[in-house]
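Data first, discussion second: the structure below is written as C-alpha cells.
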Amino acid sequence: MCKKFTPDELNQMDHTAKNDVIFQMQDRLDKLEQNYETLIEQVRLANQQRFGRQTEKLDDIAGQLSFFNEAEANYDETAPEPVMEEVIESAKKRSRKSKKKGQREEDLKDFPQEEISHDIPEQELNEAFGSGNWKSMPDEIFWQLRFEPARWIAEKHVIKVYVGTDGAHQDEFLRGDHPATLFKGSIATPSLEAAIINSKYVNSNPLDRISRDFGANGLNLSKQTMSNWTVWTAERYLSVVYEMMKQCQLKAHVNQCDETTVDVIHDGRPAGSKSYMWVHITGELGKIPPIIIYEYQKTRHSDHPKAYYKDFSGILMTDGLEQYHKLERDLEGIKNANCMAHARRHFANAIKAIGKSNPEAIQSSIAYKALVRIGAVYDLEGGLKDLSPEERLKERQKSIKPLLEEFFAWIHEIKSDQAVLPKGETAKGINYCLNQEKYLKVFLSDGEVPIDNLASERALRTFTIGRKNWMTLNTVRGAQASAMIYSITETARANGLNVYYYVKHLLTELLEIISIDGSVDKKELESLMPWSKDLPAECYSKRRK
C-alpha cells in the first residue's frame, strides 16, 4: 500500500517531493489500468471459450468483417461491365439441380440386399380390369435401409479324435487340428475383440457402456473381461505391429509431435498427478503413407521425446515448447520447426475478448491486423497442397516469403512501440512470434514441412473425445495398451481403412504368424500394415466419393 499523506504534510512538501508523489501515483494508476484491462480481457475470453464457438477463422470471430479491403481485393479493371439483360437474368431464381438418377442405388450397392415384392393378386386385377384386359408395366422401385442390432454366433468347435485299434499304431491317438485362439480357454475371437476395440477406441464408448449395449442384445460380458482382453491383445499381438510402425515413422524426412494430458489412477504417484499421451506422426505433406504413433509417459520431460527421436534425422514440426527446442540442441540431425497456428492463436483470443459488438475496435486493433497478415499467408499456402514438395517450395519462396518477412518486420516495429498491454493476449502473440521467428520460417526452406502442427492436434482429437467419456485410465499398463491400440486404429483411419474389418483381419492373421515367444517374420508383417496394398477389399472404408 502507498503511504497516505495528511493535508499538513502535503502543504509542507516542496515541489520536488510533491512531483515524486505525483509520478508514483501516475505509475500506480498506469499499472492498475493495465491490470484492469488484462482482467477484462481474460473474463471476456473465458466467457467466449465457455459459451462461444471454438474457432480461429477471422470472419467468425470478428463478425464477418472483410478479410482484406473489399474494394481493393475485388478490383479488376479488365472485368466487363454487365448489360441489363445479364443482371436481370442472374437475379432470376435458378432451378434446383436434379438429383443424379440411380444415386441412391449406387450409395446402397455395398450393403446386403433383400428384394421385397409388393404384387397384386390376379383375381383382384381381373375384378378391376376384366379377365385378360390388363398387362404388366415397368415396376416402381424405391429403397429403404433396415437396421438389425448386433448378433453373435456361438461357434462350437468339435475336434475329432481317432485311435488305432490294430497294427503298428494300435492305441495311438490322432486329433484334428485345433484352431488358434486369441487366449487359451477364452470365448474371445478376432471379430469380437475387433468390435470392442472399434467401439471404445474409434467411437469413444466407455467399456461400461459397451457392456450394457452387449447385454441389451443378449451377451453378458463384463467390462473387466473386455478390459483384460484389450490389454492382452495389445501386449500379445498388436505390440509387434506398433513397433514396426514406429520404425517406419522415424524414417520419414518430416515428423510432427504434440502431447495432451491424461489421468492415470494407479501410477505410483499422488492422486491428481498429470500424465501425458504424446503423439508422433509423419509429416502431412510427406511422400510416405500417414503413420500416427501414440506414446504414454508419466511426465512432459524433454527426456521422453529425446529418447523417442534419438535415431531420427530430419525436421520435427511442433509447438513452441522448450522441450522440443532442446532436441535440436542435444540431438544431431534434428531441426525444429514451429506451428504458425500457435502464432495466430493469441491474436484470435484478443479479438474474441473484444467481442463482435464492437467492430470498429476490432478493425483498429493490432490483433486484427496481425490476423489479416497471417491469414494472407494461409490463403496462399492453401493453394499449394496438391503440388509436389519441389513445386511447393518454389511457390513459397516466390509468393509467401515476402509476406512473412513483412509480417515479422511489422511485429518488430509493434514491439518497439510498446503499444499493447504487456500481459494481454496480443502481447503474448507478439512475444511468441518474436521468440519463435527462426522456427516459424523453417517451412519456407523445405517443401515437405507443413505451415502448422494442426495435423498433430487432429490426431489427438479421437483420444481427447474418448477422454471426456472415460475420464481416467486405471493403470500404467492400461495406458500403454491404449497407446498401442490408438496408434493402430488412428493410422488405419488415416489410410482410409474400416477399423473394425482391419483389426479383425489383423488379429486373424497374427494368430497364425506370431510364434510362442512373440516373435514374427518381418516380411509377413509388412503385408498387414495399415498402408499395405495387400489387404482384403473389406478392410477399406465404403465412403461416398
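Since we're looking at a predicted model, the values are computed, not measured. The figures here come from the full heavy-atom set of this structure, side chains too, leaving out hydrogens, waters and symmetry mates.
The aromatic rings of Phe183 and Tyr237 sit tilted relative to each other, their planes meeting at an angle between 30° and 60°.
A donor-acceptor contact closer than 3.5 angstrom links the side chains of Thr462 and Arg493. With 3.5 Å as the limit, one finds no donor-acceptor pair spanning the side chains of Gln170 and Glu172. Looking at His280 and Asp258, their side chains never bring a donor and an acceptor atom within 3.5 Å of each other. Using modelled atom types and a 3.5 Å distance limit, the side chains of Ser275 and Tyr296 yield a donor-acceptor pair. Side chains of Thr233 and Thr230: a donor-acceptor N/O pair is absent below 3.5 angstrom, by distance only.
Tyr201 pairs by the ring-ring contact (aromatic ring centres under 6.0 Å, His included) definition with Tyr486, not counting sequence neighbours. The ring-ring contact (aromatic ring centres under 6.0 Å, His included) check on Trp134 picks up nothing, with sequence neighbours excluded. For Tyr500, the ring-ring contact (aromatic ring centres under 6.0 Å, His included) criterion is met by no residue, not counting sequence neighbours.
Residues Pro290 and Asn495 come closest through the heavy atom pair O-ND2, 3.0 Å. Closest of all the heavy-atom pairs between Val264 and Val476 is CG1-N, 3.8 Å. Shortest non-hydrogen contact noted between Leu511 and Thr181 is CD2-O, 3.2 Å. Residues Ile292 and Ala494 come closest through the heavy atom pair CD1-CB, 4.1 Å. The minimum heavy-atom distance between Ser211 and Ser222, with the atom names listed, is OG-CA, 4.0 Å. Of all the heavy atoms in Ala337 and Val449, the pair that sits closest is CB-CG1, 4.1 Å.
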- Audit row: Thr260, Arg467, side chain to side chain donor-acceptor pair (under 3.5 Å) steps and yes/no: CA-CA 10 Å; Thr260 188; Arg467 183 181 59 192; 2.8 Å; yes

- Query: Is there a side-chain contact (heavy atoms from CB on, under 4.5 Å) between Ile196 and Phe214 once you walk through the steps?
  - Reply: CA-CA 10 Å; Ile196 295 170; Phe214 282 0; 4.0 Å; yes

- Under the side-chain contact (heavy atoms from CB on, under 4.5 Å) rule, what do Cys539 and Asn498 come out as? Steps first, then yes or no, please. CA-CA 5 Å; Cys539 290; Asn498 181 301; over 6 Å; no

- Would you please test Asp171 and Thr165 for side-chain contact (heavy atoms from CB on, under 4.5 Å) and show each step? CA-CA 6 Å; Asp171 296 331; Thr165 58; over 6 Å; no

- Item | Verdict with supporting geometry, Ile315 and Asp446, side-chain contact (heavy atoms from CB on, under 4.5 Å) | CA-CA 9 Å; Ile315 298 175; Asp446 193 310; 3.5 Å; yes

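Counting only heavy atoms from C-beta outward, the side chains of Trp232 and Leu182 never approach each other to under 4.5 Å. Side-chain contact between Asn205 and Lys200 is absent, with no heavy-atom pair separated by less than 4.5 Å. Trp229 has its side chain within reach of Ile187: a pair of non-hydrogen atoms, C-beta onward, lies under 4.5 Å apart. You'll find the side chain of Leu497 stays beyond 4.5 Å of the side chain of Val499, heavy atoms only. In this structure, Val241 and Ile488 have side chains that are in contact, with non-hydrogen atoms separated by less than 4.5 Å. Counting heavy atoms from C-beta on, the side chains of Val161 and Phe173 come closer than 4.5 Å. Considering only heavy atoms from C-beta on, Leu250 comes within 4.5 Å of Tyr308 through its side chain. Between Lys223 and Ile210, the closest side-chain pair of non-hydrogen atoms is not below 4.5 Å.
Using a 4.0 Å cut-off between a side-chain N of Lys or Arg and a carboxylate O of Asp or Glu, Lys287 and Glu390 qualify as a salt bridge. Look at Arg477 and Glu235 and you find a salt bridge, because one of the NZ, NE, NH1 or NH2 atoms lies within 4.0 Å of a carboxylate O, short of that distance.
Annotation: the span from Tyr294 atom OH to Met277 atom CE amounts to 8.0 Å, rounded to 0.5 Å. In this structure, the separation between CZ on Phe463 and OG1 on Thr489 is 11.5 Å, given to the nearest 0.5 Å. A distance of 5.5 Å separates CD in Glu295 from OH in Tyr242, rounded to the nearest 0.5 Å. Taken from CE in Met340 to CE in Met317, the straight-line distance is 9.0 Å, to the nearest 0.5 Å. Interatomic distance, Leu238 CG to Glu193 CD, rounded to the nearest 0.5 Å: 8.0 Å. Interatomic distance, Asn474 CG to Asp267 CG, rounded to the nearest 0.5 Å: 10.5 Å.
Within 6.0 Å of atom CG in Asn217, more than 12 heavy atoms from other residues, nucleotides or ligands are found, so the atom counts as buried in its surroundings. Environment of CG in Asp521: crowded, with over 12 heavy atoms of neighbouring residues, nucleotides or ligands closer than 6.0 Å. At most 12 heavy atoms of other shown residues, nucleotides or ligands fall within 6.0 angstrom of atom CZ in Phe129. Heavy-atom neighbours of Lys298 NZ from other residues, nucleotides or ligands within 6.0 Å: above the threshold of 12. Within 6.0 Å of CZ in Arg209 there are more than 12 heavy atoms belonging to other residues, nucleotides or ligands.
With hydrogens and angles ignored, the 3.5 Å screen pairs no side-chain donor or acceptor of Arg392 with any backbone N or O of Glu448. Between the side chain of Arg344 and the main chain of Gly375, no donor-acceptor pair closer than 3.5 Å is present. Checking side-chain atoms of Ser399 against main-chain N and O of Arg396 turns up no donor-acceptor pair under 3.5 Å. Side chain of Ser532 to backbone of Ser527: a donor-acceptor contact under 3.5 angstrom is found.
Listed by first and then second residue, the side chain to side chain donor-acceptor pair (under 3.5 Å) pairs involving residues 501-517 are Ser515-Asp517, Ser515-Ser519, Asp517-Ser519 (not counting sequence neighbours). Applying the side chain to side chain donor-acceptor pair (under 3.5 Å) test to pairs two or more places apart or on separate chains, those with a residue in residues 450-460 are Gln256-Asn453, Glu284-Arg458, Arg345-Glu457, Tyr378-Asp452, Asn453-Ser456.
Tested against Gln249 for a side-chain hydrogen bond (donor to acceptor under 3.5 Å, both in side chains), the candidates Thr491, Thr282, Asn255 yield a single pass: Asn255.
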Using residues 118-125 as the side-chain source, report each donor-acceptor pair under 3.5 Å to any protein atom, sequence neighbours left out, with the distance given to one decimal.
unit_1, atom_1, unit_2, atom_2, d
Gln123, NE2, Glu127, OE2, 3.4

